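Step one of this worksheet: look at the structure below.
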Amino acid sequence: MRAPRILVAAATAMTVAAGTACGPGTDASAPSGTGPGGKPFKIDVLLGLSGDYAPVGKAMAQGARAAVAVINQQGGVFGKPVEINVIDTAGDPVQAVTQARKLVAGGRPQAVVPGMVTADIMATAPLLTQAKVFMATHGPDPRLNDPKKYPYLFGTTYLRDQMATSLAAEFTAKGFKKVSLITAEKSGSVGAQTIKDVLAPKGITTNIVTVPVTAVDATSQMQQALDLDPDVLVLDSYGPPSAAILQARTKLKPATPTYASQNFSSGDLAQTGPVSAYAGVRLQSLSFAVKGHQTTQTPAFKAFFDAARQQAGGKLEFSMNTYVVTYNDVILAAYAAKLANSTDPAKMTAAIEKASPAQIPYFLGPVNFSPSNHYPSFGPQWWAFTGYNGMDNAQIVPAQP
Amino acid sequence: MTTIWTGLAIGAVYALVAVGYNITMAQSGIFNFTQGQVMVFGCFFAWFTMVDLNLPWWGAAVAGAVVCGLIGLLVELLAVRPVVARHGAHGHALLVTTVGAFVIILGALAATWGRTPKSLPFFGGSETVTLLGGKLSPVDLWLVAIAVVTALAMHLVSGRTSWGLSGRAATDNPDAAKAKGVNVTALRTTAFMLAGALGGLLGPVLAPKVGVSVSIGVSLTIYGFVALALGGFGSYLGCLVGGAAVGLVQASAGRYFGAEYPPLILFGLLVLILLVKPTGLFGHRGLRVV
């Protein structure tokens, strides 16, 4: 079901982009590009607040608003409070393109978070690039990290190969040579192939087993994954089949060491299975999603955590990543304007490309962008491997060794 | 042996969906497309009542039976009765309206509880059982037992009670049945309510097995239909055999060939059987939907 939607969205984006290219130049409607002394800095955020993924979209909006609260506590941008305008796309790439088109038609936006899921972002990014709009996005598709194609687009999250590199380092240290990886059919295949490609040069072979998204039982696939007698089993799915996969592991009780990748860990672990089902499973996770990890002891994380909880009414119900991604999007866009002292997208881009971590203190992650790399490189210190003992306010409570 | 147990457990799920289909087929000759989705509703409702309302499993089962029985009633009143009144019980319009009801239930579930999958622990525990050298979960054992008991019970009800026998008469020749005083409308309404109630009653056992997610509705609907078609329209024991066949093919093909192959093999088998015997292996001559 997903692929056709993506195709429709991509086709729509291409059509819109082509139409824009044939029309008047976007610079004609662009503002002067100078922020100070003008109106408050405004970030337009495209999210699915209705439709199938509305609860996730609303949690993401809370993350974005938490960022606004943190920035405004620090004096805002250009000496004025930052504003965000959350626009509902219903989680639909076609609607996301329509909304992006409306934004551009009303004069060039100062900064945009160009969508909620990869399909939205891939659809809106060409249109917004054409209109020379500064973008901050949590889209994990490596194709977005292309400064030549998307000069004003910056990523705020890890790319798939960085997650795989972290797994490769862990497996190399443990001496694992043969991996069986079980993931969701279709949706998980790209991520799984990335892991396979990153592990291969380390001398680690990967056998990929897929489970249909609509599966009611994954025992057969789990047996298939274990048949090759792997050194390590990796659970890599996200969404519906994760519970069936975990249930199958509980039933078969393999002695094989088991890891759950960040793809799996970023899902709703509490709903995927009871704590007992995770016995013997090492979770790979972004470090700030693990309770008590040193990266959660920084003032930046505490500012985020307090603001996010306040926005969410006291309790964070979704995974940490859900809130962090849009929080980081808004933080990066605001600091781009702040550091550039301008809303000119070229100046904002240049400011982020040479920014140091100290210059963007509230960004949760590494600040190491460059003219050739518009995504942060999450090195080993940003990854954690831990046992699971439940969730507490979107954080994984580590199991005692 | 683990693969066989797995297949029988999956097959039990599909057999129960097929029994639900068969109740309305046998009593009114109508294929109720919503049955798989009503069972998904039963899973969500069991999760809601057991996790949010802290009801015991049996309380959740009874409440689920009542609520899903009412959903069955609404489907009959709103999506079936007006169409039957205008076009009779065998027109294509019924397929369209019951598919419409399927989509409405799906939308209501997604809007109420979202698309994020949820899980419900089985009240009977999760400790793996080893039986004849194969591993299975307690919920697998329960499901196989429930499927056998339900199919046998419905087989007896359909063949030995006036309600069941009247249903057969009404399905074979509604006009003749009406002339003999059979209330065909009441038979159809009670059948839809019973099928719905079955879906709700099973929620506390089905949800721990299949999960609580809108994405499983399509699987239950399609493979439940395949189980019914293989086993035979109108035959409750056929549902059991058809369900087991579907489950065993899914489990063994999934293990030895990969996730892409079970649907190919199953639908190939279905086409083959329907070409040779259009009513399915144990089906009644008067009942066909394909």
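It should be emphasised that the depicted structure is a prediction, and the values quoted were computed from it without experimental measurement. Quick note on labels: first sequence line is chain A, next is B, and so on, each numbered from 1.
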**Asked** Do B:K209 and A:D217 come within less than 4.5 Å of each other through their side chains, counting heavy atoms only?
**Response** yes
Do side-chain atoms of [X] reach the backbone of [Y] as a donor and acceptor pair under 3.5 angstrom?
| X | Y | answer |
| --- | --- | --- |
| A:Q271 | B:P117 | no |
| A:S220 | B:G254 | no |
| A:T214 | B:I216 | no |
| A:Q247 | B:P208 | yes |

For [X], which atoms come within 4.5 Å of any heavy atom of chain A: side chain, backbone, both, or neither?
| X | value |
| --- | --- |
| B:L220 | side chain |
| B:F122 | neither |
| B:W47 | side chain |
| B:S215 | both |

**Item:** Pairwise distance OG1(A:T272) to NZ(B:K118) - rounded to 0.5 angstrom
**Value:** 10.5 Å
**Asked** When rounded to the nearest 0.5 angstrom, what distance separates CD in A:Q223 from OG1 in B:T3?
**Response** 3.5 Å
**A:A215, part contacting chain B, at a heavy-atom distance under 4.5 Å** = backbone
**Message:** Can you list everything that forms a ring pair (Phe, Tyr, Trp, His ring centres under 6.0 Å) with A:F264? Sequence neighbours excluded, please.
**Reply:** none
**Message:** Quick check on B:F267: does its CZ atom have over 12 non-hydrogen neighbours (other residues, nucleotides or ligands) under 6.0 Å away?
**Reply:** yes
**Asked** Is the OH atom of B:Y261 crowded by more than 12 outside heavy atoms at less than 6.0 Å?
**Response** no
**Asked** Between A:K253 and B:E127, is there a side-chain N and carboxylate O pair less than 4.0 Å apart?
**Response** yes
**Message:** For a quick test of reading the model, state the closest non-hydrogen atom pair linking B:S119 to A:A270 and the distance between them.
**Reply:** OG-O, 4.3 Å
**Item:** From CA spacing to verdict: side-chain contact (heavy atoms from CB on, under 4.5 Å), A:T219, B:R255
**Value:** CA-CA 8 Å; A:T219 308; B:R255 177 174 181 187; over 6 Å; no
**Request:** Mind ranking A:Q221, A:K251, A:M222 by heavy-atom pairs under 4.5 Å with chain B and telling me who comes out on top?
**Result:** A:K251
**Asked** Looking at A:L252, A:T250, A:D268, which has the largest count of heavy-atom pairs under 4.5 Å with chain B?
**Response** A:L252
**Asked** With chain A, which of B:S219, B:G107, B:A111, B:P121 has the greatest number of heavy-atom pairs at distances under 4.5 Å?
**Response** B:S219
